[in-house]
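To start, the structure itself, in structure tokens.
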Amino acid sequence: MQSLRNIIHGLIPRPQPCATSLDGIAPAAKQLLILSRHPNPSASYYLDERTKALANIPIFMRGLDDRLDDVDGEGLFVIICRYIKEPQLRWLERRRDSLAGVAYFIDDDIPAVVAGDEASWPYKFRLLNFAIRPLPRLNRLLTHLWVSTEALAETLANASHKVEILAPMPAKPARKSAEIKGETVPALKMVYHATGIHRHEHEFLMPVVSSAMRKHENLHFEVFADGKLARRWRRQDIEPNRMTISPQLPWSSYLARTTDHGADIALTPLLAGRTNDSRADTKRIDISRMGAAAIFSRCTTFARCAVAGEIHIGNTMEEWLMAIDQLVEDGDRRMIARNATQQSIEKMRQNATLAFPGIRFDGLGDMA
């Protein structure tokens, strides 16, 4: 089965800019159009803060089903965030000679997700229909290819085009009120927030969480899960009144919930695999927003913006149980871990730039 998945992975088309000017000098852009399933995490993690910095540039934000009749294509730079639909693709094709450029941004190894065994079939169908099927036509329009990590860039590397890194650029975190230092809080909320595409991580955590919940009666556990994963969580040896299983929320609802309702401990496992190896450490942003003390898998992804005080451990049940014990029993350690993740967000901001790679805006010069 894995051999078949490898064959499928190799056959799936990749983005490949084919419209770069011969002299390598892109025309200056007068305005910016962003096409995305807005709001969504990719736009929040990578685009929102950067567009805020373009205060003097006309910016159009359009969803995938929105019409573009009010947008002038002359001098327009277009950013496509992961997906595009047929009507908007036709609109770009008709105006290709007047556009200042077209960039495609992706933050997942989409062929690996489609060929893998974790994502649901409806999600794979969406990827096939809106991210992969348009590529033969979209590639003829692309002048830029932006990806979220060096590892993802390596999977898309090609001698005929350049792959540029658009690293996460989070907003400055709002400070959460601190718990009383040195005190063990009578009731603690522990969370695992991940989509069904992280099925292996859900399966890894099930016995870990079950054991931790039996040991620590002051823990309440919250997990986001649907369908089979939700049913499997309900079958775990966890008291139903101490576990909340929530369905996946739309991004705007998730932002509101994690802003208004924090957590004490956040579990953040990441197992080795083709899809995970290309991921960025954007989960830190969610954890910081919740004001939680995090436990991270020890891996290249979370090593990227690691700071002293964070907890990084191997993916064994024993290490995860020991880390949970430590955070449950030691309020000082929770505070150190929580503050460390707040600091890692600042490190993430320092490691990135507000510029969109390679765009020249009228009056702003080269943003590369």
Transitive ILVMFWY side-chain link [X] to [Y], under 4.5 Å:
X	Y	value
L267	M322	no
F130	F125	no
I295	I336	no
V307	F296	no
L205	M317	yes

With a 6.0 Å cut-off (strictly less than), is the heavy-atom count around [atom1] of [X], excluding the residue itself, greater than 12?
X	atom1	answer
E150	CD	no
E217	CD	no
R94	CZ	yes
K228	NZ	no
K162	NZ	no

Salt-bridge contact [X]-[Y] (side-chain N to carboxylate O under 4.0 Å):
X	Y	value
D264	R334	no
E74	K30	no
K52	E49	yes

R231: partners by salt bridge (Lys or Arg N to Asp or Glu O under 4.0 Å), with sequence neighbours left out: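 R231 satisfies salt bridge (Lys or Arg N to Asp or Glu O under 4.0 Å) with no residue once adjacent residues are dropped.
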
Hey, does [Y] have a side-chain heavy atom less than 4.5 Å from the side chain of [X]?
X	Y	value
H144	P17	no
T155	V147	no
L47	L166	yes
W320	F204	yes
E118	T195	no
P269	Y192	yes
L127	R82	yes
I84	L92	yes

To the closest 0.5 Å, what do you measure between [atom1] ([X]) and [atom2] ([Y])?
X	Y	atom1	atom2	value
I34	F60	CD1	CZ	11.5 Å
H261	K189	NE2	NZ	7.0 Å
H161	T143	NE2	OG1	12.5 Å
L99	L141	CG	CG	7.5 Å
L89	L135	CG	CG	10.0 Å
I106	L152	CD1	CG	5.0 Å

query: Between the side chains of S246 and R257, does any donor sit under 3.5 Å from an acceptor?
result: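 The criterion, which ignores hydrogens and geometry beyond distance, is satisfied for R257 and S246.
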
field: Side-chain donor-acceptor pair present, Y254, H193, cut-off under 3.5 Å
entry: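 The criterion, which ignores hydrogens and geometry beyond distance, is satisfied for H193 and Y254.
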
- prompt: Mind checking whether F221 and W233 have parallel, tilted or perpendicular rings, split at 30° and 60°?
  reply: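 Ring orientation of F221 relative to W233: tilted.
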
message: Run Y83 and L35 through side chain to side chain contact (heavy atoms under 4.5 Å, CB included) and show every step you take.
response: CA-CA 8 Å; Y83 308 124; L35 301 176; over 6 Å; no

Could you check whether any side-chain N or O of [X] sits under 3.5 Å from a backbone N or O of [Y], counting only pairs where one atom can act as donor and the other as acceptor?
X	Y	answer
R95	L76	no
T51	D48	yes
Q88	G63	yes
R14	I12	yes

- prompt: Which atom names give the shortest non-hydrogen contact between K124 and A119, and what distance separates them?
  reply: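 Reported closest heavy-atom pair: CE-O, 3.6 Å.
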
task: Among M190, R214, M243, find the residue that satisfies the side-chain contact (heavy atoms from CB on, under 4.5 Å) test when tested with L219.
output: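 Among M190, R214, M243, the one meeting side-chain contact (heavy atoms from CB on, under 4.5 Å) with L219 is M190.
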
message: By the salt bridge (charged side-chain N to carboxylate O under 4.0 Å, His left out) test, which pairs, at least two apart or in different chains, include something from residues 267-280?
response: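 Sorted result for residues 267-280: D108-R279.
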
field: Check against side chain to side chain contact (heavy atoms under 4.5 Å, CB included), L321 and E318
entry: CA-CA 5 Å; L321 286 173; E318 293 75 15; 6.0 Å; no

